[in-house]
Number of protein chains: 2
Amino acid sequence: MAVTIKHVAKAAGVAVGTVSRVLAKNKTVNEEIRIRVEDVIQELGYKPNSIGRSLRLNKTDLIGLVIPDITNPFFAELAKHVEMLASAEGYSVLLANSHDDPAAEQQQVQALLGRLPSGMILVPVSESVIGDLVRGKNTVTVDRPLKGQTLVGVDNRRGGYLAADHLLSLGHRRIAYMGGPPALDVARERREGFVGRIREFQQKNPSQSLAFQTVDGNFDYRAGEELGNRLLRQEGPHRPTAIATASDQQAIGLMRATADLGLSIPNDLSIVGFDDIPLASLVLPRLTTIRQPLAEIARIALDAILNRPSVTKECKLEPVLVERNSTRAWSVR
Amino acid sequence: MAVTIKHVAKAAGVAVGTVSRVLAKNKTVNEEIRIRVEDVIQELGYKPNSIGRSLRLNKTDLIGLVIPDITNPFFAELAKHVEMLASAEGYSVLLANSHDDPAAEQQQVQALLGRLPSGMILVPVSESVIGDLVRGKNTVTVDRPLKGQTLVGVDNRRGGYLAADHLLSLGHRRIAYMGGPPALDVARERREGFVGRIREFQQKNPSQSLAFQTVDGNFDYRAGEELGNRLLRQEGPHRPTAIATASDQQAIGLMRATADLGLSIPNDLSIVGFDDIPLASLVLPRLTTIRQPLAEIARIALDAILNRPSVTKECKLEPVLVERNSTRAWSVR
DNA sequence: CTGTTAGCGCCTTCAT
DNA sequence: ATGAAGGCGCTAACAG
């Protein structure tokens, strides 16, 4: 058995309570004794047992993180930031994937909750099932909302708006929007923001002709490629000169479809993504996209969990347009 | 306070020991009593407290996973498989990033060890520092070796060999190899395997002219692009017609450099990667690569940790060549 | 077959 | 300022 507080106490000739106080840096400990105890701790190589501590205190130094899929670059980046911040504060993170499956999500959340974490950061998949599971559980939700739970994320409408605005101001008048799964609020909001800016333009410039269409699908590469093919196979005046997507992964899939058809980006087609995953600045051409401030999101989420007082019911951060090389001005040809 | 085994016992009119036995599915419990206890558990919504359990049993249901960077698709995939398998067995995984920094790694490992995990899966960064930290700790090492620790990974030499063999049999005679950081065993082994096949060919076909060169760098996209530029800017007969890389990320960076120079893959240049990350089959053209059986690796690693007996000191899995569209036969032109 | 009980390692109150 | 002791929730050994 490992060395415990008892061994230290005996070796130092004091009571366990005193050792505990030394550990807790309690000021009411005699200097001389403190030194002695610390020496013994060094000598014996004593390491506090976090389980005993947790049992007594009825809390752990664990943060649960439940995301759909760690393989998704966006969530990987979120996880990385959360882990960095958490470990800097002495917390460890419990990782669980829900695979976008409500049943799996429920099971994972239950499992984590059983470990009595200090808090939980959740990117929820199912609205209802999870809802009362986490009620009153010091949970914060990222990216997707959950009734009654603090949400931290980006202002998706604003993001969609920015994308549309960028394309419009570049002179594009044949535009398509590739949305995410309509079942997800995030996806709907991004699209609404985008469509909103389009409508706004149409009302202000009723004389200008503007072709606009929408498709929906999953957030992944494959969907981007498939939907892209559908969009781009339209001949002549129906084919858009610019497409905005609801995720960078879609955008990258779309880039592939574009190349497949022998079209050039940004000469024949402008593309703007969403998220700004690391890969976005590494593909060719570098992807213009709507950046989510993930480090910030992670920081706020963790803050909300560690210092309960400062919780707000909703925290929408400002997305920002990152102009790179996948978009270009369009003049009628 | 939550409902404990005591509450259940009182409500069911039995002793705590009996409840514990019901929970443990101990067969020696009277059917009738078992039912009653289970009903009460349902009714009260009792959830076993894993901390009390851990304290008593002196073990947790936690698996530590320490990797360089969750943002790296290869490690993300590893993490995903580990997490899936672990949670299927009732374990949760503690995630920590070492950021390829020995000091951070040491701190992370210490922090995780303090949580008394059942075991730890480690992709080590530093040989020495971590060595005695995990000695005797039920640790298994993945991808990179650590003295005295079980290693599960792919046979890197064999992987390198396969890549070279593929290129050679395709008829390429101007070949380059882009290696990983020479400080890493993995990188060295892959290169040795590759070079080995090249030498073998040269000895068996002394009359054939064969140009071969090597460059080294990091495993990431950026290194792939930079090294690729260096390799491809060589004019005429010095420019390779095929390049193998030590990682898919390098290969994808290289693809970008290739496109930048107006070269076509696989017409002007064949490329073979290493790892087979998800993105490898999504880039254009789809990347021919050496596949690491990650699901298998995760399974074996976890097995080694959960059933100590079956540990072997080293487990080298067979990599497999996945032929896609980034390689093509080369005839002298 | 079931009840009772003794800790697991730690913190904290209550005396001293 | 320090020691003694109780108890967090649970399991396992022992007694009945």
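Sequence lines set the chain letters: A, B, ... in the order given, protein chains first and strands last, and positions in each chain run from 1.
- Note on Ile51(A): nothing from the nucleic acid sits closer than 4.0 angstrom, heavy atoms only.
- Nucleotide dT2(C) holds its P atom 9 Å from the CZ atom of Arg36(B), rounded to whole Å.
- Here the nucleotide nearest the side chain of Val14(B), chosen from dG3(D), dG3(C), dC10(C), is dG3(C).
- Among the heavy atoms of the strands lying under 4.0 Å from Val16(B) is at least one base atom, whether or not backbone atoms are also near.
- Heavy-atom nearest nucleotides on DNA chain C were determined for Leu57(B) and for Lys27(B), and the one closer to the 5' end corresponds to Lys27(B).
- Remark: the Asp275(A) side chain and the Gln249(A) side chain contain no N/O donor-acceptor pair separated by less than 3.5 Å.
- Across the protein-nucleic acid pair, Arg115(A) atom CZ and dG9(D) atom P stand 18 Å apart, rounded to whole Å.
- If you measure from atom CD1 of Ile5(B) to atom P of dT5(C), you get 16 Å, rounded to the nearest angstrom.
- By the 4.5 Å heavy-atom criterion applied to side chains, Asp39(A) and Ile35(A) are counted as neighbours.
- The distance from atom CG of Leu23(B) to atom P of dA12(D) is 12 Å, rounded to the nearest whole Å.
- Residue Thr18(B) has no polar side-chain atom (N or O) positioned under 4.0 Å from OP1 or OP2 of dT2(C).
- Among the nucleotides dT12(C), dA12(D), dG3(C), the one closest to the side chain of Ser20(A) is dT12(C).
- Contact check for Leu151(A) versus Leu146(A): no side-chain heavy atoms found under the 4.5 Å cut-off.
- Between Lys59(B) and dC8(C) there is no side-chain N or O to OP1 or OP2 distance below 4.0 Å.
- Each of dC10(D), dT2(D), dT2(C) was ranked by its minimum atom distance to the side chain of Thr28(A); first place goes to dT2(D).
- You'll find that the side chain of Asn49(B) is closest to dG9(D), out of dC10(C), dT2(D), dG9(D).
- Arg36(A) is listed as a side-chain neighbour of Val14(A), based on a closest heavy-atom distance under 4.5 Å.
- In this structure, the side chains of Ser126(A) and Gln106(A) stay at 4.5 Å or more apart for every pair of heavy atoms.
- In terms of position on DNA chain C, the residue among Val29(B) and Asn58(B) whose nearest nucleotide sits closer to the 5' end is Val29(B).
- The nearest whole Å value for the distance from the NZ atom in Lys6(A) to the C1' atom in dG6(D) is 13 Å.
- Of the possible polar contacts, one joining the Ser54(A) side chain to the Lys59(A) backbone as a donor-acceptor pair under 3.5 Å is found.
- In this structure, Arg21(A) atom CZ and dT13(C) atom P are separated by 11 Å, rounded to whole Å.
- Between His7(B) atom NE2 and dC10(D) atom C1' there is a gap of 14 Å when expressed in whole angstrom units.
- For the pair Glu31(A) CD and dT2(D) P, the interatomic distance rounds to 11 Å; values are reported in whole Å.
- Backbone-only contact: Thr4(A) has heavy atoms under 4.0 Å from sugar-phosphate atoms and none from a base.
- Of the candidates dA1(D), dC1(C), dG3(C), dA1(D) carries the atom nearest the Asn30(A) side chain, counting heavy atoms from C-beta on.
- When distances are taken from the side chain of Leu55(A) to each of dC8(D), dC10(C), dT2(D), the shortest belongs to dC8(D).
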